[in-house]
Amino acid sequence: MSPQPQASVGAPLSRVDGRLKVTGGADYAADHHPEGVVHAVIVDSGIGRGRISGIDTGAAEAQPGVIRVITHRNAPTLPYRDNAGSNNPAGGRRLRVFQDDQILFHGQPVAVAVATTLEAAQHAASLVKVVYDAQPPSTDLSDPDVPTNTPTTYARGDAQAALDSAAVRMEMTYRLARNHHNPMEPHATVARWDGDRLTVWDKTQWVIGGTQTELAAVFGIPLESVRVISPFVGGAFGSGLRTWPHTTIAALAARETRRPVKLVLSRRQQYFGTGFRPACEYQLSLGSDRSGRVSAMVHDMRTETSTYEPFGERGILPLGQVLYDTPNVSQTYRTARLDVNTPVAMRGPGFATAAYAIESAMDELSYELGIDPIELRVRNEPEADPSNGNAFSTRRLRECYTTGAREFGWDRRDPKPRATRDGDWLIGTGVATGVYHTLRNPAQARVRLDADGSALVESATSDMGPGTYTSMTQVAADALGLPMRRVTFRLGDSLMPNAPLHGGSLTMASVGSAVLNGADQLRQQAIRLAVEDERSPLYGADAGTVVVRNGRLHVPDNPSRGETYQQLLARNDRAGLEVLGTYTPVQNRFTIEAYAAVFAEVAVDARLGLVRVRRMLGVYDAGRIISPKLAESQAIGGMVGGIGQALLEHTVTDHRDGRIVNANLADYLVPVNADIIDLKAIYLQGEDMDADPLGVKGLGEVVLVGVAPAIANAVFHATGHRVRELPITADALL
Amino acid sequence: MHPFSYTKVSTTREALNAGRSGGRYIAGGTTLVDLMRETVERPDTLVDISGLPLRGITVTGRGGLRIGALVRMAEAAADSKVRTTFPVISQALELSASAQLRNMATIGGNIMQRTRCAYFRDVTAACNKREPGSGCAALKGVNRTHAILGTSGDCVATHPSDAAVAFAALEARVHVLGSDGRERSIGFADFLLRPGSTPHREQAIHRGELITAVEIPVHPRPLVSGYLKVRDRQSYEFALTSAAVALHVRGGVIREARVAAGGVGTVPWKLSAVERHLIGERPSEALWTAAAARAADGARPLEHNRFKVDLLKRTVERQLRIVGGSR
């Protein structure tokens with residue numbers, strides 16, 4: 001098979017759906033209005049733990065337009081079959097809506113009002129009177145008496161002994177606040193039953209494995225009876241990786257009222273109606289010699305989970321095992337059972353949390369030893385994966401740092417803390433490493449070529465913002481030898497071929513490889529058809545030499561010898577060609593990860609406690625870049641998210657009753673334009689063919705990992721004051 | 001949102017009639033509608049006054065400035081008379097809210113806006129301001145953003161407006177029309193009420209009274225002024241602390257000083273002790289520091305807002321230096 005010219009992949013193209021999005025033509029979940037749709041509004045628990053002792057829906061039901069108020073008293077029993085394989089945490093019992101009188105967290109749904117208009121439903125919801133037997137909830141991770149689940153542990157060497165004998169020993173505790181994803185688009189579900197078949201239009205990052213399987217399990221109906229449609233997702237960052245209670249409630253309300261039901265969570269409800277990045281306490285002890293060789297690291301981590309599901313950050317352990325060539329490592333990771341709703345993965349899950357602690361600690365060590373922070377990292381850079389001896393497929397972290405240091409002007413830095421001033425501002429710079437493992441899951445994509453020479457590619461994946469529509473079109477266009485405009489990529493429908501969760505930076509590697517496989521197969525089918533067709537100018541040509549360019553099949557050394565897809569299909573009386581592309585990850589003996597070197601310059605007004613990120617640079621080893629413009633957007637978005645995590649984002653709970661007090665976008669602070677000054681991303685050119693057929697390593701997560709510690713380290717350099725808690729706010733700096 | 005009726009009026013007479021029979025005035029709606037959505041506010045009748053002729057900004061006979069109640073925040077901020085005479089007002093406005101909100105919200109509504117206290121805005125929490133007698137959840141709750149000055153055992157919520165801090169500093173007067181059609185004016189220091197034991201009473205106006213204008217009295221020229229707002233993010237956030245400063249310096253001596261602070265008080269906090277410390281003195285770094293040291297006099301911090309005591313002093317000190325110069 002001769003290689004196809006790459007015209008679209010690698011080109012800085014704009015989003016194929018950009019126009020639709022900016023003109024309001026993209027239909028998000030709540031934009032769907034099936035005939036006869038009515039509105040549902042959830043009533044949330046006003047206590048943090050206890051039981052419902054009384055519930056009065058009379059006033060609500062008496063309101064004009066109100067169809068039904070559903071509570072645990074009149075809701076049908078739902079089967080809630082197990083759904084292993086989805087993102088429901090194993091070993092838990094998921095929240096079962098309206099199945100009993102128990103309150104497990106503040107904000108838990110206790111009723112839903114269904115009415116003909118949204119306003120009537122909202123009003124009715126506010127009129128539902130609930131009486132509780134309340135108990136004091138436990139929501140504070142820092143409470144040492146909170147019960148924890150069985151810890152996850154890891155050990156190599158003898159970390160404690162190595163620590164005890166180390167020339168330099170440091171022991172730090174870092175704390176990270178709870179963060180919420182806060183996508184622009186609220187979570188929403190529109191549900192409709194046709195007999196015993198359910199259709200939902202839903203905001204989801206996992207159409208089949210997440211939402212379709214869960215609804216089938218909850219309602220105890222065959223998978224084929226559920227159709228999930230999710231063509232556009234207005235940001236999610238992980239919040240769409242599970243099927244939350246409101247989706248079940250929408251479907252339940254639709255079944256009970258025999259009407260299509262639309263349910264949109266309010267901004268406030270998203271702070272307890274969906275998951276979050278759990279708060280974390282991270283104790284880290286490290287031992288080093290005077291030359292900066294780290295001999296021991298002891299990690300002790302605790303994160304929040306609910307009382308009913310043990311959610312653990314799977315990504316919190318790997319970084320401490322593979323980032324540095326440390327012979328003695330021990331890790332203990334506990335999840336604390338609190339009266340909160342269950343967390344979920346959020347951009348850079350686990351890795352971002354661990355990177356803040358580890359990369360802050362390395363920075364602290366660099367000052368302790370008087371070694372440049374980059375040099376210290378290089379001295380501990382492993383040649384092979386220290387956790388299992390595997391070779392790295394590609395690991396160009398050193399090069400990320402070399403390039404970054406040059407572009408950022410690192411060598412102009414005065415290493416002394418609190419040494420650089422600009423008027424009232426103290427200036428500091430810091431670095432940190434970002435890592436995220438390259439995940440790949442099985443995926444399928446259907447590729448169809450029509451008689452008019454256009455192609456349609458479909459896979460039940462999602463596009464929460466990275467530009468899946470565009471990047472998949474690019475891959476398919478080049479593999480089919482078509483211009484972008486002749487290729488349409490569709491996603492977000494459970495009737496389409498199966499795709500894995502759209503998260504963990506695995507979509508390009510997984511779905512992209514399936515698209516590539518399908519498009520390659522289809523092109524070869526067409527080529528075979530031509531070279532075996534006596535009437536084709538390509539008859540008898542070596543199929544392995546034929547390429548397709550701009551929809552025309554030809555041999556490279558004689559471009560005039562060829563024909564178009566249209567000619568080929570018309571002459572053969574074919575309506576089109578269709579292929580199911582597949583991708584199955586190949587297990588190999590490599591450790592495969594994407595890397596980032598993150599540089600930050602901050603200005604700190606220490607008198608007023610203000611921090612401004614003046615500029616940031618990320619240099620990434622993420623394998624092949626399919627779509628440079630989208631990759632740039634990903635990196636900028638990751639840095640903005642990291643700035644939020646470092647300086648602003650903090651979900652605040654009132655531990656007296658478990659209430660989230662800043663459940664809105666005025667009080668839960670995310671960066672605004674004025675906070676974002678100068679962000680720059682550089683991707684190292686290259687590909688990683690041991691990772692997947694496209695040579696990509698994933699970049700949606702790694703671009704956030706390392707941002708917060710780079711900023712925190714810059715704040716220390718600016719002020720000489722080490723803040724070991726995120727977000728870093730005025731209170732800590734004064 | 002509770003059901004309500006809506007009526008739009010075109011004369012102040014109609015407005016006053018509607019107000020007298022219990023209607024709530026709505027102009028830009030940026031606070032009221034928000035709070036109605038949370039069912040914190042449950043008016044039965046909304047009287048839309050946005051069509052009333054209260055939109056001018058005029059220089060008064062004596063050289064002060066009269067800003068109509070329905071002037072949008074963005075308009076007031078951009079007005080050349082405001083910008084040249086009282087930059088502290090335009091700066092306070094421009095540092096408020098977001099561009100979209102400033103395009104909708106009016107000056108009259110701005111000084112009427114209600115607190116951002118999370119417990120006030122959450123109808124399931126105890127709040128004496130929202131529901132007299134129900135208690136104050138903020139007192140021993142999450143109170144990082146709450147007031148350290150002017151608080152009571154019943155309420156510790158801050159007044160959220162930036163513009164009101166500038167108005168307080170400049171000793172503005174609020175003009176209101178009573179339901180009998182008579183105009184009266186209220187000094188800004190008396191217009192906004194400290195909570196005491198009646199935190200639900202926030203302004204010294206009666207039901208149905210209509211704000212027509214905010215008047216800035218004449219101040220000696222030249223008057224240098226400006227507003228500093230300290231907050232976690234650069235835009236679209238309420239103040240942790242803020243300072244409005246106006247100084248009249250003649251012959252190298254401060255003859256008049258007008259200083260108020262925001263983000264720290266249950267009402268915009270006039271810093272009379274700071275002002276007194278400045279009068280008759282020559283500007284200097286030492287003076288700014290010494291004067292600002294009085295900024296938090298009487299402060300009673302809560303569990304999470306102790307940092308505001310120092311931050312307030314530093315904010316005032318910095319703004320004195322910015323306005324008064326460093327020499």
Side-chain angles (χ1 to χ4, degrees), chain A residues 44-47 63-65 106-107 118-120 122-123 125-127 130 266-268 424 605-613 643-644 647-650 652-657 659-677 727-734, chain B residues 1-4 34 36-40 42 95 97-99 101 116-119 121-126 137-138 140-145 160 228-238 240-243 292 304-319 321-322 326:
Chain A
D44 323 304
S45 159
I47 65 163
Q63 286 298 311
H106 203 285
L118 175 61
E119 290 75 15
Q122 286 171 334
H123 184 45
S126 75
L127 294 176
V130 189
S266 68
R267 179 60 62 182
R268 192 175 72 85
D424 290 319
D605 187 325
R607 292 284 295 165
L608 299 181
L610 304 174
V611 184
R612 303 292 182 236
V613 178
I643 290 172
L647 302 176
L648 298 168
E649 297 191 44
H650 183 188
V652 182
T653 303
D654 186 332
H655 297 307
R656 296 173 303 175
D657 60 7
R659 169 195 318 271
I660 293 168
V661 293
N662 62 340
N664 63 72
L665 286 175
D667 297 316
Y668 180 100
L669 304 181
V670 297
V672 293
N673 278 316
D675 297 305
I676 304 305
I677 302 169
I728 299 169
T729 57
D731 335 17
L733 289 169
L734 291 176
Chain B
M1 199 182 280
H2 283 240
F4 60 92
D34 235 22
M36 286 169 66
R37 286 185 195 283
E38 303 288 345
T39 69
V40 171
R42 305 172 184 198
L95 292 168
S98 66
L101 290 165
R116 287 296 309 183
C117 174
Y119 301 100
R121 298 174 68 86
D122 183 343
V123 292
T124 67
K140 292 196 172 358
V142 177
N143 47 36
R144 174 180 187 257
T145 59
L228 176 65
K229 184 172 181 179
V230 175
R231 46 184 164 175
D232 294 310
R233 70 177 166 193
Q234 282 266 50
S235 174
Y236 191 43
E237 192 192 358
F238 294 89
L240 287 172
T241 59
S242 71
H304 304 120
N305 67 9
R306 291 179 198 287
F307 72 100
K308 281 192 175 184
V309 174
D310 272 343
L311 187 57
L312 170 59
K313 294 178 197 168
R314 294 173 181 197
T315 304
V316 171
E317 178 189 25
R318 176 71 59 83
Q319 188 58 5
R321 196 179 87 206
I322 290 170
S326 52

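Predicted model, so just to flag it, every value in this text is computed and none were measured. Lettering follows sequence order; numbering is per chain, from 1. Computed over heavy atoms, backbone and side chain alike; hydrogens, waters and symmetry mates excluded.
- With a threshold of 4.5 angstrom between heavy atoms, A:V661 approaches chain B through its backbone and through its side chain.
- Both the backbone and the side chain of A:L669 come within contact range of chain B, with heavy atoms under 4.5 Å apart.
- Considering only heavy atoms from C-beta on, B:H2 comes within 4.5 Å of A:S126 through its side chain.
- Side-chain atoms of A:N664 and B:R116, non-hydrogen and from C-beta on, do get closer than 4.5 Å to each other.
- With a threshold of 4.5 angstrom between heavy atoms, A:T653 approaches chain B through N, CA, C or O but not through any side-chain atom.
- Distance alone, capped at 3.5 Å, is enough to place a donor-acceptor pair between the A:D675 side chain and the B:Q234 backbone.
- B:L311 and A:L608 make their closest contact through CD1-O, 3.4 Å (heavy atoms, listed as atom of the first residue, atom of the second, distance).
- Proximity to chain B (any heavy atom under 4.5 Å) is shown, for A:N662, by neither the backbone nor the side chain.
- When every heavy atom of A:L610 is checked against every heavy atom of B:R231, the shortest pair comes out as CD2-O, 3.4 Å.
- Of the inter-residue distances, the one linking B:R37 atom CZ with A:E119 atom CD reads 8.5 Å to the nearest 0.5 angstrom.
- Listed by chain and number, the residues in a salt bridge (charged side-chain N to carboxylate O under 4.0 Å, His left out) with A:R656 are A:D654 (sequence neighbours excluded).
- Side-chain contact between B:R318 and A:D605: present, with at least one pair of heavy atoms (C-beta onward) separated by less than 4.5 Å.
- Looking at B:R321, the atoms closer than 4.5 Å to chain A (heavy atoms on both sides) all sit in the side chain, from C-beta outward.
- Neither the backbone nor the side chain of B:D310 has a heavy atom closer than 4.5 Å to any heavy atom of chain A.
- Taken to the nearest 0.5 Å, the CG atom of B:L240 stands 8.5 Å off from the OG1 atom of A:T729.
- For the set B:E317, B:R144, B:M1, B:E237, the entry with the most heavy-atom pairs within less than 4.5 Å of chain A is B:R144.
- Evaluation of the side-chain contact (heavy atoms from CB on, under 4.5 Å) rule for A:A732 yields A:V723 as partners, not counting sequence neighbours.
- Ionic pairing of A:D731 and B:K308 is not present here: no N-O contact between side-chain nitrogen and carboxylate oxygen is shorter than 4.0 angstrom.
- Proximity of a side-chain donor or acceptor of A:R607 to a complementary backbone N or O of B:R314 within less than 3.5 Å is not detected.
- Among all heavy-atom pairs drawn from A:A730 and B:D232, the shortest one is N-OD1, 4.1 Å.
- For the pair B:R121 and A:D667, the salt-bridge criterion is not met [side-chain N within less than 4.0 Å of a carboxylate O].
- Looking at B:T39, the atoms closer than 4.5 Å to chain A (heavy atoms on both sides) all sit in the side chain, from C-beta outward.
- Contact of the B:R233 side chain with the A:L647 side chain is not registered, since no non-hydrogen atoms from C-beta on lie closer than 4.5 Å.
- Residues A:L665 and B:Y236 approach most closely at O-CE2, 4.4 Å, considering heavy atoms.
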